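Read through the structure below, which is laid out as structure tokens, and then see the notes.
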Amino acid sequence: MIEFAIKDVDSSTVLQFEGEVPCGLTGRDGCFFVIRLVSIPLSAAVRVYDIQLGQWADFFADLAVNWQGWSGEKDHESLEGHLRLEATSDASGHIRLFIRLRDVEAGSNWLVETSMALEAGQLKGLADRARAYFG
């Protein structure tokens, strides 16, 4: 299975992007991928449709470029709001990645929110793996 995963440095929580992202998508071309959040005692997954998938890679690249910290939050959301990521940092290089998964398809209506701790030293590797996954 093709995936891109992010591991919390303080817990067992893992956020996984799963499924193949086709190369060469342009303009309004899009595709589906699955987001899976696995933690103890929670596991949730949602199917996400998005376009301009390179923007996810750009989001992680921006975090890596600004590894020494930034003010405010950096965020990105899928086309229909099934996935939203918000990143904040503090002066000591600790990064919080806030995650929102939402499903409102076919009578389902649930929302999961959590956060993960990242270290500045992880960001370059995350950006590289995101670029490899999203193209």
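Numbering of residues begins at 1 and proceeds along the displayed sequence. From a predicted model like this one, the values you see are computed outputs, not experimental measurements.
- Linking ILVMFWY side-chain heavy atoms closer than 4.5 Å, directly or via other members, places Val14 and Ile35 in two distinct hydrophobic clusters.
- The closest side-chain heavy-atom distance from Leu85 to Leu97 is below 4.5 Å.
- Scanning for side chain to side chain donor-acceptor pair (under 3.5 Å) contacts around Thr13 gives Ser11, Ser39, with sequence neighbours left out.
- Side-chain N or O atoms of Ser89 include one that pairs as donor or acceptor with a backbone N or O of Trp70 at under 3.5 Å.
- Under the 3.5 Å distance criterion, the side-chain polar atoms of Ser78 are matched with a main-chain donor or acceptor of Leu83.
- Judged by the 6.0 Å and 45° rule, Arg129 forms no cation-pi pair with Phe4.
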Before you tell me yes or no, could you show the steps for Leu53 and Tyr133 under side-chain contact (heavy atoms from CB on, under 4.5 Å), namely the whole-Å CA-CA distance, both residues' side-chain angles and the distance that decides it to 0.1 Å?
CA-CA 10 Å; Leu53 295 166; Tyr133 181 76; over 6 Å; no
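- Phe98 meets the ring-ring contact (aromatic ring centres under 6.0 Å, His included) test with no other residue; sequence neighbours excluded.
- No side-chain donor-acceptor contact under 3.5 Å links Arg84 to the backbone of Arg102.
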For Ile6 and Leu126, run side-chain contact (heavy atoms from CB on, under 4.5 Å): C-alpha distance rounded to whole Å, both residues' side-chain angles, the deciding distance at 0.1 Å, then the answer.
CA-CA 7 Å; Ile6 303 169; Leu126 285 176; 3.8 Å; yes
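- Within the 4.5 Å cutoff, the side chain of Arg47 has no heavy atoms near those of the His82 side chain.
- In this structure, Asp75 and Glu73 approach most closely via the heavy-atom pair OD2-OE2, 3.7 Å.
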What do the steps show when you test Val46 against Val34 for side-chain contact (heavy atoms from CB on, under 4.5 Å), and what is the final call?
CA-CA 6 Å; Val46 65; Val34 173; over 6 Å; no
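- Partners of Lys7 under the side chain to side chain donor-acceptor pair (under 3.5 Å) rule, at least two apart in sequence or in another chain, do not exist in this structure.
- Taking the six-membered ring where tryptophan is involved, the planes of Phe33 and Phe134 are perpendicular, since the angle between them exceeds 60° and thus also 30°.
- Of all non-hydrogen atoms in Ala44 and Leu101, the two that sit nearest each other are O-CD1, 4.2 Å.
- Rounding to the nearest 0.5 angstrom, the gap separating the CD1 atom in Ile99 from the CG atom in Leu15 is 4.5 Å.
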Check the pair Trp56 / His76 against side-chain contact (heavy atoms from CB on, under 4.5 Å), numbers first and verdict last.
CA-CA 7 Å; Trp56 287 105; His76 191 65; 3.3 Å; yes
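- Note that CD of Glu3 and CD of Gln16 are 4.5 Å apart. Values are rounded to the nearest 0.5 Å.
- What you find for Ala117 and Asp8 is that their closest heavy atoms are N-OD1, 3.3 Å.
- Closest of all the heavy-atom pairs between Leu123 and Leu63 is CD1-O, 3.3 Å.
- Checked by atom type, the side-chain pair Gln52/Gln55 shows a donor-acceptor distance below 3.5 Å.
- Inter-residue side-chain proximity for Leu37 and Leu42 is flagged as met; some heavy-atom pair is nearer than 4.5 Å.
- Phe59 pairs by the ring-ring contact (aromatic ring centres under 6.0 Å, His included) definition with nothing, not counting sequence neighbours.
- Residue pairs meeting the salt bridge (Lys or Arg N to Asp or Glu O under 4.0 Å) criterion with at least one member in residues 54-72, sequence neighbours excluded: Asp58-Arg131, Asp62-Lys74.
- Partners of Arg96 according to the side chain to side chain donor-acceptor pair (under 3.5 Å) rule, which considers only residues two or more places apart in sequence or in another chain, are Ser115.
- When side chains are defined from C-beta on, Leu111 counts as touching Arg100, because their heavy atoms get closer than 4.5 Å.
- Residues Ala127 and Phe60 come closest through the heavy atom pair CB-O, 3.7 Å.
- Checking side-chain atoms of Asp50 against main-chain N and O of Leu79 turns up a donor-acceptor pair under 3.5 Å.
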